[in-house]
Amino acid sequence: MLYGKEHVARYQETDGAEGHDWNGTVTLLLTTTGRRTGKERTTPLIYQLDGDAHVIVASKGGDDDHPLWYKNIQANPEVKVQVKGDKFTARARTATPEERPALWSKMTAVWPDYDEYQTKTNREIPVVVLERV
């Protein structure tokens, strides 16, 4: 099973033929710009579609701090996304309180561990909507 940098590399080299289907679900590659370094960082993340938007979760396994990629999109919401061979620019935003319950349910349906992660932390784990620009 692919993880971390190896996951990103194989996904990019094969246009997602390796890495898109992962552990019973699907992943995309999210590239953010570091809020301090200005360097691009790419992270593989589980996603689901909601209409034309891609939905991801900033879980960090239930850690008490947000993942770095989430902090980066708060500073600069313009991101690059790769889904299989489809590469595009998107605008990332945190789901509204009204949107979040339905999107959270959609995501836990494909990765039930998100519910467990939420019990490990006092922060509300953000659900992020990626809208193609």
Side-chain angles (χ1 to χ4, degrees):
M1 187 174 329
L2 295 171
Y3 289 101
K5 289 181 182 179
E6 181 187 5
H7 191 159
V8 171
R10 295 301 304 142
Y11 198 117
Q12 290 172 330
E13 290 165 3
T14 66
D15 277 343
E18 291 182 42
H20 177 265
D21 297 341
W22 180 84
N23 208 20
T25 189
V26 293
T27 65
L28 56 71
L29 296 182
L30 176 72
T31 302
T32 60
T33 302
R35 67 196 185 289
R36 293 189 200 152
T37 65
K39 293 181 181 178
E40 289 190 342
R41 306 277 186 211
T42 302
T43 307
L45 295 164
I46 294 168
Y47 79 93
Q48 286 293 286
L49 286 172
D50 186 61
D52 292 336
H54 293 76
V55 179
I56 56 177
V57 176
S59 67
K60 198 177 179 184
D63 193 273
D64 286 332
D65 196 14
H66 293 304
L68 293 176
W69 66 260
Y70 183 72
K71 292 178 180 182
N72 289 342
I73 66 164
Q74 289 179 304
N76 180 1
E78 186 170 303
V79 298
K80 295 177 185 173
V81 179
Q82 181 175 347
V83 179
K84 293 187 178 179
D86 185 20
K87 300 171 187 172
F88 57 93
T89 301
R91 189 157 205 70
R93 65 175 179 81
T94 303
T96 66
E98 295 76 24
E99 293 173 305
R100 189 181 185 283
L103 296 177
W104 182 262
S105 292
K106 182 178 284 223
M107 296 305 294
T108 59
V110 297
W111 196 255
D113 289 354
Y114 288 137
D115 281 328
E116 179 189 336
Y117 301 162
Q118 186 60 78
T119 67
K120 294 179 179 181
T121 183
N122 290 326
R123 72 180 173 97
E124 181 177 75
I125 294 175
V127 176
V128 176
V129 179
L130 303 173
E131 296 170 327
R132 190 183 291 254
V133 179

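Please read these numbers as outputs of a predicted model, since none were measured by experiment.
In plain terms, the two heavy atoms of Ser59 and Arg123 that are nearest each other are O-NH2, 2.6 Å. Taking all atoms of both residues into account, the shortest heavy-atom contact from Glu131 to Ala53 is CG-CB, 4.3 Å. When all heavy atoms are compared, the tightest approach of Thr121 to Gly62 is CB-O, 3.2 Å. Scanning both residues, Gln82 and Gly16, for their nearest heavy atoms gives NE2-N, 4.4 Å. A pairwise comparison of heavy atoms in Gly19 and His7 identifies O-NE2, 2.9 Å as the closest pair. Summarising the geometry of Pro44 relative to Gly4, their closest heavy-atom pair is CG-O, 4.3 Å, with the distance given to 0.1 Å.
Contact check for Lys87 versus Asp15: side-chain heavy atoms found under the 4.5 Å cut-off. Using a 4.5 Å heavy-atom cutoff, the side chains of Trp69 and Leu45 are in contact. Contact check for Glu78 versus Val133: no side-chain heavy atoms found under the 4.5 Å cut-off. Using a 4.5 Å heavy-atom threshold, the side chains of Val57 and Ile46 count as separate. Between Thr94 and Tyr70 there is a side-chain heavy-atom pair separated by less than 4.5 Å. Taking the side chain as every heavy atom from C-beta outward, Val26 and Gln48 approach each other to under 4.5 Å. Residues Ile125 and Tyr114 have side chains not in contact (no heavy-atom distance under 4.5 Å, counting atoms from C-beta outward). With contacts defined as side-chain heavy-atom distances shorter than 4.5 Å, the pair Thr31/Val81 does not qualify.
The salt bridge (Lys or Arg N to Asp or Glu O under 4.0 Å) analysis of residues 22-48, with sequence neighbours excluded, yields the pairs Glu40-Lys80. Pairs of residues two or more places apart, or lying in two chains, that qualify as ring-ring contact (aromatic ring centres under 6.0 Å, His included) and include a residue from residues 80-100 are His54-Phe88.
Crowding of Asp52 atom CG: a count of heavy atoms from other residues, nucleotides or ligands under 6.0 Å not exceeding 12. More than 12 heavy-atom neighbours from other residues, nucleotides or ligands sit within 6.0 angstrom of NZ on Lys60.
Note that OG1 of Thr27 and NZ of Lys84 are 10.5 Å apart. Values are rounded to the nearest 0.5 Å. One distance of note links CG of Asp64 with NZ of Lys120; it measures 11.0 Å at 0.5 Å rounding. Rounding to the nearest 0.5 angstrom, the gap separating the CD1 atom in Ile56 from the CG atom in Leu28 is 6.0 Å. If you take CZ on Arg91 and OG1 on Thr89, they are separated by 11.0 Å, rounding to the nearest 0.5 Å. A distance of 4.0 Å separates CG in Asn23 from CH2 in Trp111, rounded to the nearest 0.5 Å. From Tyr47, atom OH reaches atom OG1 of Thr25 across 8.5 Å, with rounding to the nearest 0.5 Å.
Side chain of Glu18 to backbone of Gln12: no donor-acceptor contact under 3.5 angstrom is found.
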Solution key, residues 102-109 side-chain donor-acceptor pairs under 3.5 Å, sequence neighbours excluded:
residue: Trp104; atom: NE1; partner: Asp115; partner atom: OD1; Å: 2.9
residue: Ser105; atom: OG; partner: Pro101; partner atom: O; Å: 3.2
residue: Lys106; atom: NZ; partner: Leu49; partner atom: O; Å: 2.9
residue: Lys106; atom: NZ; partner: Asp50; partner atom: OD1; Å: 3.4
residue: Thr108; atom: OG1; partner: Trp104; partner atom: O; Å: 3.2
residue: Thr108; atom: OG1; partner: Ser105; partner atom: O; Å: 3.2

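Each of Thr37, Thr33, Thr43, Thr32 was evaluated against Asn72; a single residue qualifies, Thr32, per the side-chain hydrogen bond (donor to acceptor under 3.5 Å, both in side chains) test.
Leu30 and Val55 fall into different hydrophobic clusters, where Ile, Leu, Val, Met, Phe, Trp and Tyr are joined by side-chain heavy atoms under 4.5 Å apart, directly or via other members.
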